[in-house]
Each structure stands twice: as C-alpha cells, then as structure tokens.
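Working notes for the structure below.
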Amino acid sequence: MDKELKMMESIKKDSIRFEANDDLDGLIEAIGDRQFILLGESSHGTSEFYKTRMELSKRLIAEKGFSIIAVEGDWPSCFSVNEYIKGYKGESVFESLNDFNRWPTWMWANEEVVSLIEWLKTYNTTMNKNIGFYGIDVYSLWESMEALIKTLETNNSGDIEKAKKAFSCFEPFYRKPENYGISAVFYGEHCLDEVTDLLTNLRKNRYQYEKGQEESLNIQVNALVTQNAEKYYKAMVRGGPDDWNIRDHHMVNAIEEIVAFYGNNTKVIIWEHNTHIGDARATDMVEEGLVNVGQILREKYGNDNVFAVGFGTHRGTVIAAKSWGEEMEEMIVPVALDGSWEDLMHRAGAFNKYLLFHPGNESIFREKIGHRAIGVVYNAEYEHLGNYVPSIMSKRYDAFFYFDKTTALSPLKMQVLHV
C-alpha cells in the first residue's frame with residue numbers, strides 16, 4: 001500500500017475526535033506520570049493552540065500535580081505574571097502584562113493568555129497552591145540586568161557593584177544586541193569577564209537571597225540570561241548553528257533552575273513552538289547541527305519522563321508580521337500543501353482531532369513528511385519554499401493535535417519598546 005494511504009488509514013483508526021475538554025481523557029491517560037510535558041504550536045499567533053494548551057494545562061495541574069508553566073518568553077516580563085498569580089504583586093491581570101513590550105508582543109499579551117492568568121490566579125487562591133508561570137527564553141539581556149540590579153539593591157547585596165559594572169559594560173550598545181555582537185566578535189570589545197565574575201559571585205552567595213518572594217530564583221535566572229544572552233548575541237553575528245543551540249540549551253538550563261528551586265520531582269508544562277519541543281533528531285535540523293529543548297530533555301531525562309505534543313492546522317488565519325519588527329497583522333493561512341502532514345490529517349477526516357503515537361503505529365509514521373511551521377514572520381505566498389520541515393512524526397512527537405481550520409488569536413494593544 002502507498003505510504004500516504006497507510007498513514008491516512010492509521011490516522012483514521014487511531015485518532016481521537018476533539019470537540020470538548022472531556023475528549024482530552026485519552027491524552028491525559030497517555031501522559032501518565034511523566035515529569036516534563038511539552039506543548040507545541042505551529043505558529044505563535046493561533047487562538048486554538050493557546051486555548052487547547054490552556055485547557056490541557058488546567059487538567060495537568062488539577063489532576064496530575066503539575067506546578068510550573070514555562071513558556072517561550074522573557075523571564076522578567078513573565079515573572080511579573082508569576083508575582084501576580086501568587087499574590088506577591090500587582091492589582092490586575094492587565095497590570096501584570098505591562099512588561100510584555102518586546103516585539104512580538106502578541107505572543108503573550110493576548111486575550112487567550114489573559115484567560116490563563118485569571119484561571120491560575122483563582123486556582124492558586126482558592127486551592128492554596130503555588131503554581132508558577134515563568135519565561136525561559138534568552139533575549140532579555142538588558143531587562144534581566146535591570147531586574148537583577150533592582151533585586152540586589154532591595155537586598156542591600158554586596159554583589160550590587162559587580163552587577164552595575166556588568167550593566168555599564170553593555171550600556172554603550174544602546175540595547176541593540178547586534179551592535180554588541182559585532183563589537184565583541186570583530187573588535188574584541190566584550191563583556192564576558194564582567195558577566196562571568198558576576199555569575200560566579202551570585203552562585204557563591206545564592207543562599208543570602210532565600211528570604212524573599214522567590215528572590216533567589218529571580219536573581220539566578222536573570223544572571224543566567226545575562227550570561228547566555230552574551231554568548232547568544234556573539235554567536236548570532238558569527239552565524240552557523242551556535243546561536244540556536246545556545247538558546248535552546250539556555251531554555252533547558254532555566255527549566256532546571258526552576259525545578260531545583262521547587263524540588264527535584266517538580267512537574268513542568270512547557271509551552272513553545274513545535275521547532276523547540278519536537279525532537280530535532282526527527283527533522284532535518286539534525287543535518288544542520290541543531291539541537292532543541294525536546295531532544296535535550298529526552299536525552300537527559302529519558303523518553304519515559306518526557307511527553308511532547310505537536311500542534312498544527314490545515315488552514316485558517318494567524319497573527320504574524322511580514323518582516324522582523326513590523327506591525328502585526330491578521331493573515332490568511334492557505335490550505336496545506338499536497339502530501340504534507342497537515343494535508344494527510346485533513347484527508348483522513350476534516351475535523352479536529354489528536355493522534356497518539358505508540359508502538360502499534362510508530363513504524364507507519366517513520367517516513368519523512370513535510371510539516372508546516374509558521375514563525376512570527378510569515379509570508380504565505382512563499383511558504384512552499386521554507387515553511388515545511390521534513391519530519392518523522394512518530395519520532396518527533398508523542399502525540400499530535402490537528403485543527404482543520406484555525407483562527408488568529410486576539411492581541412492586546414501594547415506599546416513596543418524593544419525589538
């Protein structure tokens with residue numbers, strides 16, 4: 001039988017129709033007792049992906065004892081949300097989102113995330129829980145340094161002078177990471193020594209900061225961001241796979257800092273793009289020397305402790321921009337390319353569903369197939385040239401959510417201060 005027909009037959013046989021939250025029972029059961037649940041998305045601007053991840057996260061928190069949602073966002077801005085849902089700081093959900101002023105703001109400043117934050121706030125209050133919300137990305141070099149200095153000043157820390165010295169080293173670059181990268185790579189004018197000195201001291205003195213409301217965690221991760229962002233922006237100028245790999249290793253490091261703070265058996269839900277959570281070894285990323293969060297976590301903690309869920313759509317609308325830093329807009333997502341994964345899911349039944357990969361069907365989905373990926377920058381007319389990632393689906397994910405037609409998420413109006 002033709003390989004496409006085999007896959008379609010297996011999809012028809014094994015997929016579970018998804019129409020209501022009760023339909024998630026099969027997925028919840030398949031997740032079992034795993035510690036790391038990775039929830040993907042094939043775009044950063046699709047409402048159904050955010051809403052479904054939220055409903056799944058609610059059940060994992062309430063029924064499976066998960067304590068953390070870690071997202072593909074900046075640590076300082078997400079920490080403001082974390083403080084709000086735990087009652088540390090902030091009067092309203094919208095106040096907690098004020099710090100989401102880095103482009104693309106719509107990724108986390110949107111109505112769908114507002115609903116998640118309100119649920120987390122209520123859950124923590126009524127259930128006397130301490131569920132956390134954290135950003136694990138690497139981009140917030142200047143914001144993390146400012147947050148670090150503010151926290152150290154509040155604690156009258158002896159480390160404040162080293163933090164200010166490191167910050168002053170970056171000041172001449174006017175918050176333009178490309179300027180720092182060029183200066184560091186081509187002219188040898190870098191801040192590595194200052195950052196290393198600061199991080200070494202903070203690690204040595206970390207127990208001085210245990211008294212506050214997660215101050216020690218806030219200090220350690222902001223310092224980690226500073227160290228890895230410095231490496232990232234240098235690697236970005238050099239080119240090659242290093243900048244991507246530094247970023248994804250950083251995200252795993254940040255997750256591990258959070259787990260160490262909460263306790264080693266802490267269960268974590270991770271929200272990121274499919275390109276981060278789906279095992280890179282099952283795609284053409286491996287040929288470019290790229291790794292990602294899904295691969296790293298599986299290698300470190302074992303397949304039996306990690307569960308990755310991909311998300312995709314056949315057609316619809318999405319929030320994205322035509323180029324980096326430009327205004328967001330609602331765009332049309334055309335029907336999936338013939339022979340792509342999304343096309344097969346559609347032909348196997350034009351309705352929302354999810355598919356669990358297991359030993360009984362794993363071999364059927366071992367063939368590489370194009371799988372759509374939409375970033376914050378998107379040009380639908382050219383997507384056939386680079387938006388389909390060759391993937392072995394049963395190796396890349398443990399499960400896959402398919403939506404036949406999706407809609408753009410609902411962004412909040414935010415002032416963009418940083419790109």
Side-chain angles (χ1 to χ4, degrees), residues 7-8 11-12 15-21 23-24 27 39-57 71-72 104-116 271-278 309-323 326-355 369-389 391 393 396-397 399-412:
M7 283 195 268
M8 285 174 56
I11 292 168
K12 288 178 181 179
S15 62
I16 299 171
R17 187 181 285 263
F18 178 58
E19 295 176 337
N21 293 332
D23 297 328
L24 294 171
L27 182 59
L39 304 181
E41 57 183 357
S42 60
S43 89
H44 290 307
T46 301
S47 181
E48 284 79 3
F49 300 161
Y50 282 72
K51 288 178 178 177
T52 304
R53 292 188 301 185
M54 177 176 69
E55 295 305 325
L56 184 52
S57 297
V71 306
E72 189 180 338
T105 60
W106 70 84
M107 274 183 64
W108 302 112
N110 59 64
E111 294 288 352
E112 289 79 356
V113 169
V114 167
S115 296
L116 171 67
W271 288 28
E272 294 191 301
H273 197 279
N274 289 341
T275 50
H276 294 294
I277 67 97
V309 185
F311 284 68
T313 182
H314 181 253
R315 67 195 187 281
T317 55
V318 68
I319 296 294
K322 287 289 177 63
S323 62
E326 280 195 6
E327 286 287 327
M328 62 183 170
E329 57 183 285
E330 184 174 313
M331 301 180 182
I332 299 294
V333 178
V335 297
L337 289 182
D338 288 347
S340 67
W341 174 249
E342 290 76 12
D343 175 54
L344 293 192
M345 294 291 281
H346 172 74
R347 287 158 56 194
F351 52 84
N352 299 342
K353 51 184 169 281
Y354 64 88
L355 176 66
I369 188 169
H371 171 27
R372 180 153 56 188
I374 297 172
V376 291
V377 173
Y378 181 52
N379 292 278
E381 60 270 32
Y382 302 119
E383 75 164 23
H384 62 287
L385 299 176
N387 283 88
Y388 285 81
V389 180
S391 303
M393 299 302 288
R396 189 170 181 183
Y397 307 113
F400 189 84
F401 263 100
Y402 168 79
F403 298 87
D404 200 56
K405 186 177 182 180
T406 50
T407 54
L409 56 72
S410 303
L412 303 176

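Residues Thr406 and Ser47 have side chains not in contact (no heavy-atom distance under 4.5 Å, counting atoms from C-beta outward). A 4.5 Å side-chain heavy-atom check between His314 and Lys405 finds every atom pair outside the cut-off. Counting heavy atoms from C-beta on, the side chains of Asp343 and Leu337 never come closer than 4.5 Å. In this structure, the side chains of Met345 and Met8 stay at 4.5 Å or more apart for every pair of heavy atoms. Side-chain atoms of Glu72 and His273, non-hydrogen and from C-beta on, do get closer than 4.5 Å to each other. Contact check for Trp108 versus Leu412: no side-chain heavy atoms found under the 4.5 Å cut-off. With a 4.5 Å cut-off on side-chain heavy atoms, Glu330 and Val318 do not count as touching. Between Pro411 and Met328 the shortest side-chain heavy-atom distance falls below 4.5 Å.
Scored by the salt bridge (Lys or Arg N to Asp or Glu O under 4.0 Å) test, Glu19 finds Arg17 as partners (sequence neighbours excluded).
Glu48 and Thr407 form a side-chain donor-acceptor contact under 3.5 Å, judged by distance and modelled atom types alone. In summary, the side chains of Thr52 and Glu55 do not present any donor paired with an acceptor at a separation below 3.5 Å, with no hydrogens or angles considered. Side chains of Ser391 and Arg396: a donor on one and an acceptor on the other come within 3.5 Å. Under the 3.5 Å distance criterion, with hydrogens and angles disregarded, no donor-acceptor pair is assigned to the side chains of Ser410 and Trp106.
Checked against a 6.0 Å centroid threshold, the rings of Phe18 and Phe401 count as neighbours. For His371 and Tyr397, the ring centers sit closer than 6.0 Å to each other.
Contact record, Leu409 with His44: CD2-O, 3.8 Å, taken as the closest heavy-atom pair. Here the shortest heavy-atom pairing between Asn274 and Gly310 reads OD1-CA, 3.6 Å. Nearest heavy atom pair, residue Ser57 against residue Leu39, reads OG-CD1, 3.8 Å. The nearest pair of heavy atoms linking Ser42 to Thr313 is OG-N, 4.2 Å. Of all non-hydrogen atoms in Ala380 and Ile332, the two that sit nearest each other are CB-O, 3.7 Å.
Note that CE of Met331 and OG of Ser43 are 11.0 Å apart. Values are rounded to the nearest 0.5 Å. The CG atom of Asp338 lies 10.0 Å from the NE2 atom of His346; values are rounded to the nearest 0.5 Å. A distance of 8.5 Å separates CG in Asp23 from CD1 in Ile16, rounded to the nearest 0.5 Å. Between the CE atom in Met7 and the NZ atom in Lys12 there is a gap of 13.5 Å [rounded to 0.5 Å]. With values rounded to the nearest 0.5 angstrom, Phe403 atom CZ is found 11.5 Å from Tyr354 atom OH. Rounding to the nearest 0.5 Å gives a distance of 11.5 Å between NZ of Lys51 and CG of Asn21.
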- Checking side-chain contact (heavy atoms from CB on, under 4.5 Å) for the pair Arg53/Phe311: CA distance, chi angles, key distance, verdict? CA-CA 10 Å; Arg53 292 188 301 185; Phe311 284 68; 3.7 Å; yes
- Verdict with reasoning, Tyr388 to Trp341, per ring-ring contact (aromatic ring centres under 6.0 Å, His included): CA-CA 9 Å; Tyr388 285 81; Trp341 174 249; over 10 Å; no
- Message: One pair to check against side-chain contact (heavy atoms from CB on, under 4.5 Å): Trp271 and Met54. What are the steps and the verdict?
- Response: CA-CA 10 Å; Trp271 288 28; Met54 177 176 69; 4.2 Å; yes
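Under a 3.5 Å cut-off, the side chain of Glu342 and the backbone N or O of Arg372 do form a donor-acceptor pair. Side-chain atoms of Thr46 never come within 3.5 Å of backbone atoms of Phe49 as a donor-acceptor pair (strictly under, hydrogens ignored). Counting only distance, with no hydrogens or angles, the side chain of Asn110 and the backbone of Val113 share a donor-acceptor pair below 3.5 Å. No donor-acceptor pair under 3.5 Å is formed between the side chain of Asn387 and the backbone N or O of His384. Ser15 contributes a side-chain N or O that, together with a main-chain N or O of Ile11, makes up a donor-acceptor pair within less than 3.5 Å. Remark: the backbone N or O of Met107 is paired with a side-chain donor or acceptor of Tyr50 at under 3.5 angstrom.
Within 6.0 Å of the CD atom in Glu327, the count of heavy atoms belonging to other residues, nucleotides or ligands does not exceed 12.
Ion pairing between Arg315 and Asp404 holds under the 4.0 Å rule for side-chain N and carboxylate O.
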